[in-house]
Amino acid sequence: MHNVSRLAGIFACAATLAAAGCAGSSGVAPMSGPAIAGQSDAVQTHQKIYMPTVNNVNNARPQYSNAVYGGGALLYKPKMFLIFWGFKQAGDPNGVAKLLESYQASIGGSPYNNIYTQYQGTKKFIKNPKNQNGKFWMDNKNAIPANPTDGQVAAESVLGVKHFGYDANASYVVVTAHGHNSSGFGSSYCAYHSATSSSGNLVSYTNLPYIPDAGQSCGAGIITPPAGETSENVGTTIVEGHEYGESVTDPNPPSGYYSNQWGEIGDICAWQDIENDTFGQNQFASQPMWSNATSSCVHSYQKSK
């Protein structure tokens with residue numbers, strides 16, 4: 001059994017959905033703000049679930065509990081769409097875009113992503129299709145603010161929906177550019193995911209800041225990097241893997257798989273037992289995810305026959 005960590009109060013407000021989200025004990029909540037050209041100013045988001053920094057994880061590891069299904073949406077045939085916002089404007093000194101594109105193309109059918117197939121909705125289980133590569137978009141048209149608010153990130157995800165098309169099984173990942181991260185990044189959290197809507201459809205989105213900007217707080221140097229990653233950007237796949245798995249199992253938090261005590265399936269295992277996992281022909285740094293089937297943090301899963 002892997003070690004389990006308790007989050008440092010970040011999920012104290014997780015009992016109910018909130019139209020504009022809520023903050024944990026850190027007091028940091030990226031708030032809605034003025035719209036950007038091309039974005040809607042009417043975007044409303046649901047509760048945000050934050051991934052803590054390395055320094056915000058409580059290592060006491062008290063008693064754990066399984067995640068409970070709340071009857072909400074799941075991403076049954078998951079797919080990842082990447083929206084690189086402002087990268088031409090700010091540059092990409094740590095090669096985050098190339099790394100995430102490789103990660104996106106490799107995750108489908110992997111033993112790691114098979115962890116999610118144990119989680120069942122109202123009638124069916126989540127699948128692990130070989131193709132989870134939903135393409136990427138370099139949005140160089142809409143200028144990125146210095147510190148995007150949650151409302152602006154959510155609106156950018158809706159622009160992504162308009163660019164790619166709507167997919168009910170998709171995680172729309174807004175990757176903000178170097179030096180243009182939301183308030184609280186690196187000090188209180190590394191990333192978060194939430195939900196908004198587009199034309200009445202639920203949109204599961206992630207605010208993925210430029211992870212190397214946070215240094216060791218969000219994983220830099222935490223493990224010897226595999227080929228294709230560097231000590232500076234190794235936290236990128238750890239954080240996005242965490243957020244993607246939680247988006248798959250809880251796309252409209254906390255109505256999917258959620259523990260009132262621990263949070264989502266990535267939170268229970270955050271920053272513990274980091275390994276370089278094999279995804280097809282590549283390896284990527286990853287944290288374990290929670291398995292209800294084994295009541296432990298795991299890097300892979302195989303259903304018993």
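These figures come from a predicted structure and were not determined experimentally.
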Where Cys218 and Thr53 come nearest, the two heavy atoms and their spacing: SG-CG2, 4.4 Å

Sub-4.5 Å side-chain heavy-atom contact between Ser194 and Thr196: no

Check for me whether the distance between the ring centres of Phe279 and Tyr112 falls short of 6.0 Å. yes

Are the side chains of Tyr119 and Val248 in touch, meaning some heavy atoms are under 4.5 Å apart? no

Any side-chain donor paired with an acceptor under 3.5 Å for Gln287 and His242? yes

With a 4.5 Å cut-off on side-chain heavy atoms, are Tyr244 and His193 touching? no

A side-chain contact here means heavy atoms from C-beta on lying under 4.5 Å apart; do Phe84 and Leu100 qualify? yes

Measure the spacing between CD of Glu246 and CG of Asp267 and express it to the nearest 0.5 Å. 4.0 Å

Taking the six-membered ring of Tyr189 as reference, does the cationic atom of Lys48 (NZ for Lys, CZ for Arg) lie under 6.0 Å from its centre and within 45° of its axis? no

Which atom of Val234 lies closest to which atom of Ala285, heavy atoms considered: CG2-CB, 3.5 Å

Whether the Asn181 and Tyr210 side chains hold a donor-acceptor pair (N or O, under 3.5 Å, no angle test) is what I'd like checked. no

Less than 3.5 Å apart, any donor N or O on the side chain of Asn292 or Tyr257 sitting next to an acceptor on the other? no

Output field: ring centroids Tyr172/Phe81 closer than 6.0 Å: yes

